[in-house]
**Student:** 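Would you mind keeping the following structure in view while I ask a few things?
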Amino acid sequence: MKEKLISEYISKITMEDINNFALKNGINLNDKELEIIYNHVKNNWRTIIYGNPREILDDLKENINNISYQKIESLYVYFKNRYSNFLYH
C-alpha cells in the first residue's frame, strides 16, 4: 500500500515541485541540475527509497555543484532516518 501511494505521488511530481522543495531547503539549482534530479526521482525512486542509492548519489556528485550536492546528501540522510520506520514496517 505504501509503495502504491509513493508511486502515485511520484507520477504526478513536476520539475517545479522539485525546484520549490530545493529552494525551500536552500538549494539553488540550474536547469541542467534540476533536470538530472527530476529524472532520478522519476526513474529511480524505488532505489532512492528502498535500495542502495550510491550510484545515483555519485552521479549527482559529478553533475551538481558541490554545495548543492552536500545539502542534497544531508537531506537524503535526514529523511531516510526520519521515515525509515514508516517505509520498512
Side-chain angles (χ1 to χ4, degrees):
M1 177 70 167
K2 294 172 199 171
E3 190 168 332
K4 177 130 175 91
L5 290 172
I6 295 168
S7 177
E8 288 294 317
Y9 180 79
I10 294 295
S11 72
K12 296 174 184 168
I13 203 165
T14 65
M15 275 201 232
E16 184 178 346
D17 294 329
I18 290 174
N19 193 47
N20 288 339
F21 180 81
L23 291 171
K24 183 174 138 182
N25 287 281
I27 303 169
N28 294 307
L29 302 169
N30 65 38
D31 290 342
K32 179 185 172 199
E33 293 169 332
L34 180 58
E35 185 174 347
I36 290 167
I37 293 169
Y38 174 79
N39 286 331
H40 276 303
V41 169
K42 290 293 264 193
N43 298 316
N44 303 313
W45 66 267
R46 283 181 181 87
T47 301
I48 293 168
I49 294 174
Y50 299 111
N52 180 354
R54 179 48 40 203
E55 189 174 310
I56 296 164
L57 291 171
D58 288 346
D59 182 57
L60 293 178
K61 190 173 190 175
E62 290 178 20
N63 292 293
I64 293 176
N65 79 65
N66 192 44
I67 293 170
S68 293
Y69 173 77
Q70 289 174 2
K71 289 178 181 180
I72 290 167
E73 187 176 42
S74 292
L75 281 171
Y76 173 77
V77 170
Y78 170 77
F79 283 110
K80 186 79 166 179
N81 290 334
R82 182 172 181 184
Y83 293 105
S84 64
N85 286 335
F86 171 76
L87 294 170
Y88 301 113
H89 292 93

**Student:** Between Lys80 and Gly51, which heavy-atom pair has the shortest distance, and what is it?
**Tutor:**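 Taking every non-hydrogen atom into account, NZ-O, 4.3 Å.
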**Student:** Taking only residues two or more places apart in sequence, or in another chain, which ones meet Glu73 in a salt bridge (Lys or Arg N to Asp or Glu O under 4.0 Å)?
**Tutor:**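 Checked Glu73 against salt bridge (Lys or Arg N to Asp or Glu O under 4.0 Å); matches are Arg54.
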**Student:** Please report the shortest heavy-atom distance between Ile56 and Asn44, naming the atom on each side.
**Tutor:**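 Minimum heavy-atom contact is CD1-CB, 3.5 Å.
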**Student:** Above 12 or not: heavy atoms from other molecules or residues under 6.0 Å from NZ of Lys61?
**Tutor:**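 Atom NZ in Lys61 is not crowded, with 12 or fewer foreign heavy atoms closer than 6.0 Å.
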**Student:** Is there a path from Ile13 to Leu23 through hydrophobic residues (I, L, V, M, F, W, Y) whose side chains come within less than 4.5 Å of each other?
**Tutor:**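 No, Ile13 and Leu23 fall in different hydrophobic clusters.
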**Student:** How far does CD1 of Ile64 sit from CD1 of Ile36, to the nearest 0.5 angstrom?
**Tutor:**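 Result: 6.0 Å between the selected atoms.
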**Student:** Say you draw a straight line from CG of Asn19 to CD of Glu33; how long is it, rounded to the nearest 0.5 Å?
**Tutor:**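 Rounded to the nearest 0.5 Å, the CG-CD separation comes out at 10.5 Å.
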**Student:** Please check if the number of heavy atoms outside Asp58 that lie under 6.0 Å from its CG is greater than 12.
**Tutor:**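 Buried by this count: over 12 neighbours within 6.0 Å.
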**Student:** Is there side-chain contact between Tyr69 and Leu57, with at least one heavy-atom pair below 4.5 Å?
**Tutor:**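 Side-chain contact under 4.5 Å: yes.
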**Student:** With a 3.5 Å distance limit and no angle check, can you tell me whether Glu8 reaches the backbone of Leu5 through a side-chain donor-acceptor pair?
**Tutor:**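 No; judged by distance alone, with no hydrogens or angles, the pair does not exist.
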**Student:** Is the closest side-chain donor-acceptor distance between Thr14 and Asp17 under 3.5 Å?
**Tutor:**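 Indeed, the side chains of Thr14 and Asp17 share at least one donor-acceptor pair under 3.5 Å.
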**Student:** Is there a donor-acceptor pair under 3.5 Å between the side chain of Tyr76 and the backbone N or O of Ile48?
**Tutor:**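 Side chain of Tyr76 to backbone of Ile48: a pair is present.
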**Student:** Looking at side-chain heavy atoms only, is the closest gap between Lys71 and Asn25 below 4.5 Å?
**Tutor:**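 A side-chain contact is absent here, since even the closest heavy-atom pair is not under 4.5 Å.
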**Student:** Is a donor on one side and an acceptor on the other found under 3.5 Å between the side chain of Asn43 and the backbone of Asn39?
**Tutor:**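 Yes: the side chain of Asn43 pairs with the backbone of Asn39.
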**Student:** I'd like to know whether OH of Tyr9 has more than 12 heavy-atom contacts from other residues, nucleotides or ligands below 6.0 angstrom.
**Tutor:**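 Open.
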**Student:** Hey, does Asn52 have a side-chain heavy atom less than 4.5 Å from the side chain of Thr47?
**Tutor:**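 No; the side chains remain at least 4.5 Å from each other.
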**Student:** Once side chain to side chain contact (heavy atoms under 4.5 Å, CB included) is applied, do any residues pair with Glu62, and if so which ones, sequence neighbours excluded?
**Tutor:**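 Counting only residues at least two positions away or on another chain, Glu62 forms no side chain to side chain contact (heavy atoms under 4.5 Å, CB included).
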**Student:** I need the minimum non-hydrogen distance between Lys42 and Ile10, along with the two atoms involved.
**Tutor:**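 Closest heavy-atom pair between Lys42 and Ile10: NZ-O, 2.8 Å.
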**Student:** Heavy-atom count around Ile67 CD1 within 6.0 Å, excluding the residue itself: above 12?
**Tutor:**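 Atom CD1 in Ile67 is not crowded, with 12 or fewer foreign heavy atoms closer than 6.0 Å.
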**Student:** Test side chain to side chain contact (heavy atoms under 4.5 Å, CB included) on Leu29 and Tyr38; report intermediate values, then the result.
**Tutor:** CA-CA 11 Å; Leu29 302 169; Tyr38 174 79; over 6 Å; no
**Student:** Not counting sequence neighbours, which residues clear side chain to side chain contact (heavy atoms under 4.5 Å, CB included) with Gln70? List them please.
**Tutor:**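 By the side chain to side chain contact (heavy atoms under 4.5 Å, CB included) rule, Gln70 matches Asn66.
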**Student:** Cluster question for you: counting only ILVMFWY and a side-chain heavy-atom cut-off of under 4.5 Å, with indirect links fine, are Ile27 and Phe21 together?
**Tutor:**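 The answer is yes; both residues are in one hydrophobic cluster.
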